[in-house]
Number of protein chains: 2
Amino acid sequence: MPAGYDIREFPAFAVTVDIVILSVVDGVLLVLLIERKDKPFKKAWALPGGFKRPDETLDQAARRELREETGVDAPRHISQFGAYGDPKRDPRGNVVTVGYLAVTPEVGAIMAGTDASDARLWPVAQVLDGSVTLAFDHRRILADAVERAAADLESSALATAFLGPTFTLSELQRVYEAVWADDLDTANFRRSLVSSPDASYVEPTGRRAEPGGRGGRPPELFAAGGSWTEDGSPVKRPRRRGRAR
Amino acid sequence: MPAGYDIREFPAFAVTVDIVILSVVDGVLLVLLIERKDKPFKKAWALPGGFKRPDETLDQAARRELREETGVDAPRHISQFGAYGDPKRDPRGNVVTVGYLAVTPEVGAIMAGTDASDARLWPVAQVLDGSVTLAFDHRRILADAVERAAADLESSALATAFLGPTFTLSELQRVYEAVWADDLDTANFRRSLVSSPDASYVEPTGRRAEPGGRGGRPPELFAAGGSWTEDGSPVKRPRRRGRAR
DNA sequence: CGGGTAAGGGTCAAGGTGACATGATCCTCG
DNA sequence: CGAGGATCATGTCACCTTGACCCTTACCCG
């Protein structure tokens with residue numbers, strides 16, 4: 001039998017998918033974590049995920065695990081961002097995992113429906129700075145996912161995936177500010193989305209949001225337009241010459 | 001024994017790495033392909049690659065396969081861009097592969113050193129339009145790699161990885177034009193790299209390249225500067241409102 | 001020496017960006 | 001019911017970047 005033909009001659013790995021589900025609530029970037037029930041890393045916080053099955057693609061595995069572990073059936077965004085195969089990343093050995101980034105506006109509401117005791121949203125900043133410890137190499141995976149999300153905000157319609165079908169411009173701005181950990185000028189932000197005559201990033205609905213309780217003029221509600229896919233996001237990430245905020 | 005503990009209960013996969021080695025020669029974007037010696041897809045062209053070993057990371061596997069199959073020891077750039085796990089992607093079944101993009105300026109010279117009979121550079125355009133047929137799902141993988149390379153040209157120093165330690169500005173411009181399949185204005189290209197007072201993308205060496213044989217002023221030789229990593233590439237991809245070239 | 005070729009440098013107008021000021025609308029509270 | 005605060009919405013202006021184009025410089029070749 002020629003070399004390379006029989007696949008059984010080669011080392012076998014378990015393949016998993018791990019899902020980074022991001023959300024922005026009150027201007028804070030959050031990630032959905034679950035508390036592990038089994039060894040290893042029992043009772044530690046971890047990214048939701050699970051084993052790929054032989055009869056499904058990686059994308060299908062990611063969507064299945066997302067549905068099974070969080071109840072999210074149709075995420076507004078899901079995309080692969082990296083694969084991890086360090087031999088020491090799982091004490092059980094030989095586990096290669098593929099990371100997926102998922103975004104959906106209703107994470108908070110959906111979580112209330114599932115068993116909330118072993119799953120909750122954590123501020124990403126707390127996890128990345130070590131205040132919350134994650135199992136396996138999930139902190140590294142989370143960091144990569146956030147980095148990818150920050151980059152995709154600038155080149156796709158990812159920001160709108162954090163919000164519902166209609167949203168206010170300040171809600172959209174808070175998404176950018178939370179993911180980029182930077183402040184944007186309100187007036188310039190509005191101009192970049194509304195001004196252009198031929199491009200349509202947001203379409204006015206004519207309706208207004210409910211007043212926010214803290215006073216202030218009720219903002220107009222917009223829906224996502226069609227220009228995102230062609231030209232990417234009109235909002236540019238500030239290139240600070242010195243320090244960020 | 002608790003569920004999820006024993007890894008052997010779960011389906012086993014073979015894990016491979018496939019490497020897309022790109023090069024620009026005479027303004028044409030090329031990819032290194034090898035001719036398969038074994039079934040399946042015997043005698044078809046394919047991306048170099050091979051099986052990950054249990055004691056190495058994915059990155060290490062990619063570098064090892066790159067070295068073993070092409071002789072490239074220290075590529076100027078190598079990065080992961082995607083994982084592929086369609087159950088039908090390999091007729092032997094259950095093979096998950098991780099794609100790597102590699103760029104090195106000396107591909108042509110290195111190829112002469114290896115057994116040239118079963119490895120050669122092909123124009124990417126010919127492969128993507130179907131003139132050359134690839135094994136497995138390697139055409140899809142190649143397309144993803146080229147797309148990633150085009151994006152990374154704009155946000156990193158990837159362009160300089162196609163060239164040696166010193167290069168002329170027109171050589172650098174041809175890299176951008178080949179990967180983007182678009183023409184750039186020579187004067188504006190130069191300005192974006194040279195003009196800025198505080199940033200240093202290219203540093204003049206004072207030396208000049210050998211005359212090119214077809215007449216013309218011999219160009220100045222530059223070395224890559226340090227501003228690429230901070231601010232990304234100063235060259236912006238043309239956003240054509242209609243068709244490309 | 002003269003023409004061909006490519007590098008290198010300059011100009012100009014149009015549009016985008018950052019910073020900031022001003023006006024509009026609604027809430028809460030006294 | 002009016003004042004003040006909060007937020008949304010609009011306007012202005014200087015500066016920078018970008019795209020398009022022209023012209024000069026330097027070298028090779030016949």
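Scope of the values below: all heavy atoms of this structure, side chains included, with no hydrogens, waters or symmetry mates. This structure is a prediction, so every number in the text was calculated from the model and none was measured.
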Please name all residues satisfying side-chain contact (heavy atoms from CB on, under 4.5 Å) with A:Ser79, sequence neighbours left out, ordered by chain then number.
A:His77, A:Leu101
Is there a donor-acceptor pair closer than 3.5 Å between any side-chain N or O of B:Ser200 and the backbone N or O of B:Gly225?
no
Main-chain N/O of A:Val28 paired with A:Asp26 side-chain donor or acceptor, under 3.5 Å:
no
Roughly, in whole Å, what's the span from [atom1] in [X] to [atom2] in [N]?
{"X": "B:Gln173", "N": "C:dA6", "atom1": "CD", "atom2": "C1'", "answer": "12 Å"}
{"X": "B:Arg207", "N": "D:dA26", "atom1": "CZ", "atom2": "P", "answer": "20 Å"}
{"X": "A:Arg217", "N": "D:dT7", "atom1": "CZ", "atom2": "P", "answer": "14 Å"}
{"X": "A:Asp231", "N": "C:dG16", "atom1": "CG", "atom2": "C1'", "answer": "14 Å"}
{"X": "A:Leu169", "N": "D:dT10", "atom1": "CG", "atom2": "C1'", "answer": "13 Å"}
{"X": "A:Arg208", "N": "D:dC8", "atom1": "CZ", "atom2": "P", "answer": "11 Å"}
{"X": "A:Arg237", "N": "C:dG18", "atom1": "CZ", "atom2": "C1'", "answer": "18 Å"}
{"X": "A:Glu210", "N": "C:dT25", "atom1": "CD", "atom2": "P", "answer": "19 Å"}

Heavy-atom nearest nucleotide on DNA chain D taken for B:Pro238 and for B:Pro218; more 5' hit belongs to B:Pro238
Side-chain H-bond candidate by donor/acceptor type, A:Asp129 with A:Ser131, under 3.5 Å
yes
Of the residues in residues 184-194 of chain B, which ones touch DNA chain C at a heavy-atom distance under 4.0 Å?
B:Ala187, B:Arg190, B:Arg191
Does a side-chain N or O of B:Lys236 approach OP1 or OP2 of D:dT18 to a distance below 4.0 Å, or not?
yes
Least distance between heavy atoms, B:Glu65 atom then B:Val17 atom:
CG-CG2, 3.8 Å
Which residue, A:Asp137, A:Asp144, A:Asp18, forms the side chain to side chain donor-acceptor pair (under 3.5 Å) with A:Tyr84?
A:Asp144
By the 4.0 Å heavy-atom rule, please label B:Thr168 as base, sugar-phosphate, or nothing.
nothing
How far apart are the C-alpha atoms of A:Asp231 and B:Arg239, what are their side-chain angles, what is the distance that settles it, and do they pass the side chain to side chain contact (heavy atoms under 4.5 Å, CB included) test?
CA-CA 8 Å; A:Asp231 305 308; B:Arg239 315 249 176 249; 5.6 Å; no
